[in-house]
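Note sheet for the following structure.
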Amino acid sequence: MTKNKVQKESFWERNRKSEGYLLKKKASSVFVSIARFILLFGLCFLILQPLLNKISVSFMTEEDLYNPIVVSIPLHFTTENYEIAAEIMNYGKGLINSFVISVTISILQIAVCTLVGYGFARFKFQLKKFWFAMVMLVIIIPPQVISNALYLHFRFFDIFGIIKLINGGNTINLRGSAIPYYLMSAGCMGLKNGLYIYMIRQFFRNIPVDMEEAAYVDGCGVVRTFFRIMLPEAKPIITSCFLFAFVWQWTDGFYSKLFLSGVTLVSRSIANIVDGLAAYMMRILGTMATVSIARSNCILSTGTLMVVGPVILLYLFAQRQFVESISSSGIKM
Amino acid sequence: MKTKAKKKVAGLEKRKAISGYIFISPFIIGFLVFMVKPFFQSLYMSFCNVELGAGQFNMVWNGIEQYKYAFRVDPEYVRLLTEELLRMVIYSLAIIVFSFFISLILNQKFHGRALVRAIFFLPVILSSGVMLGLESNNQLIAMLQQQVEDVTTTVSITDGLETILRTAGVGVRAFEKVFEVIDNIYDVALASGIQIVIFLSGLQTIPKSMYEAADIEGCTAWESLWKITFPSISSLFLVNWVYTVVDFCMRSDNEVIEKIQNMMIAQQNYGAASAMTWTYFVIVIAFVGITSLLISKGVYYND
């Protein structure tokens, strides 16, 4: 108590000595931090609110949706929505497919991008600047520009007319299978791959050259140096690029629509969930049924949650890896 | 003797160059097969009539008919194009300003900074791909939202302010755009996750001593913002600007893209779809090029 008093007195004393400057400074800093809190709280709420809203809606029965008293806490708690959404979206199968495709695609993409990034960071060769400019071009040119040509390319797939010869004048239709996308990923042309090359190159450039040179002097070959010495060093950037690749692949609509239309993926089934609901209702009731807007919105929210759920979990555990890779690579352009 | 040594060095360099090429060869192959070829094919297609047949497709040269179709026959394209481009300019500006402002705040020291940073980064992950515009894609729900907006008469602050300013009669159209952005601040916040992190990483490299020196010399915080902070991270404005504009074009709720995909998959009109894509992206890339040239003139490099 007395200690507090002493401190307080000394504050006013100091304030008097500084002719009111100290008080003014203190007041302004308190004001700034309050204003900052309000602003940031508001913005964070703005970002989180749709998510929270979806969570509360997903547990409501249809009755609750129309009840004006019920705002955010459901009166009749139910998990029925989850069951319906899971059935419409074919969730179990979609989840497994999405998981397998996302993991394999991102492993492939990151493996190839690491090789390319290392090549750009450490070797001198002719036309290096030109090829790196092409990487930049790949980042800038949206895949939509070439999507129609790619579509036809894989619709009537052929390698220099060889397949036509074997298959009796017919090309094969690779659309609907996952093969084209794996091929593209192996060639660094998948979703945002230019960005990964750029980030990985940036990271390798910041590693000192000494270790590699020591390895070379000791008679270690290029390939072995890369796998034994550089790869372990680059673990952080590789993990974070992998996380990005996984997450973006998980929610990707563009490439999935173009190439993977035959595969049940959560990102594709969520886009059609409302139409699916109408069909589902018809099947259950046996007659034409119109689904109310509130109901379809509720199912859509539930489905969205089920799609982003795994991603949110991943983000909760690996938040640092996501953010730090960007901050470490963005500085030098 | 001398020549031999020289030859050996040249051989080593050559070997390194070859291994360099081997390392980047996946990119070169992928680039040639999946980028260059479709790129020119798509360009060629935009001057053709594409006819799909059994097991093959034919392209018949058609001059600039498809472009004529896109601009003069198609009822929606021109309207969508101008709307989307205008939206792109306004939102990219808003996103840059917003993310700069937020990163300035997040660079200060306060409790819970890590949490706030994590929340601001969340949209990068959640609102990517199909998740964006899922509600507006759904016609029923979009209709309902429209109805709710029409019916509700809740007082909004921006509405009130808008009325006041409109009666004051100052630059009405410009204000309307500003209000539109403010009303859609949610979209802006969602799209600025990566930009904030990039700005933050730049802000953290500015040495504290510069601010202290400026403070001692009697520089106010406002002045040091423009004289120290702004020049130090001006190169990041360029990075962020390019990223923002490009990112905006790739968003899945982009109406021009939707129109094109519809043209391609539903109507099977590949030629017109190509022509539309090309006009759209030539404009966008020209825009990115010109603006980034202008910005790069203003960028200050320390070294």
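In what follows, every chain begins at residue 1, and chains take the letters A, B, ... in the order their sequences are listed.
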A/Gln319 versus B/Ala118, closest heavy-atom pair with distance: CD-CB, 3.6 Å
Minimum-distance pair of heavy atoms, taken over all atoms of A/Met134 and B/Phe27: C-CZ, 3.9 Å
Less than 4.5 Å to any heavy atom of chain A: does that hold for the side chain of B/Phe31, its backbone, both, or neither? both
Look at A/Phe120, A/Tyr255, A/Phe125, A/Trp250 and state which one has the largest set of heavy-atom pairs under 4.5 Å with chain B. A/Phe125
Would you mind checking which part of B/Asp247 comes under 4.5 Å of any heavy atom in chain A, side chain (CB onward), backbone (N, CA, C, O), both or neither? side chain
Checking heavy atoms, do the side chain of A/Leu48, its backbone, both or neither come under 4.5 Å from chain B? side chain
Side chain / backbone / both / neither for A/Ser267 at chain B, heavy atoms under 4.5 Å: both
Taking every non-hydrogen pair under 4.5 Å, which of A/Val112, A/Val32, A/Leu43 racks up the most with chain B? A/Leu43
Using 30° and 60° as the class boundaries, would you call the ring planes of B/Phe23 and A/Phe226 parallel, tilted or perpendicular? perpendicular
Gap separating the CD1 atom of B/Ile22 from the CG atom of A/Leu115, nearest 0.5 angstrom: 11.0 Å
Select, from A/Val223, A/Val311, A/Val135, A/Asn193, the one with the greatest count of heavy-atom pairs under 4.5 Å involving chain B. A/Val135
Measure distances from A/Leu40 to the heavy atoms of chain B and classify the residue's part below 4.5 Å as side chain, backbone, both or neither. side chain
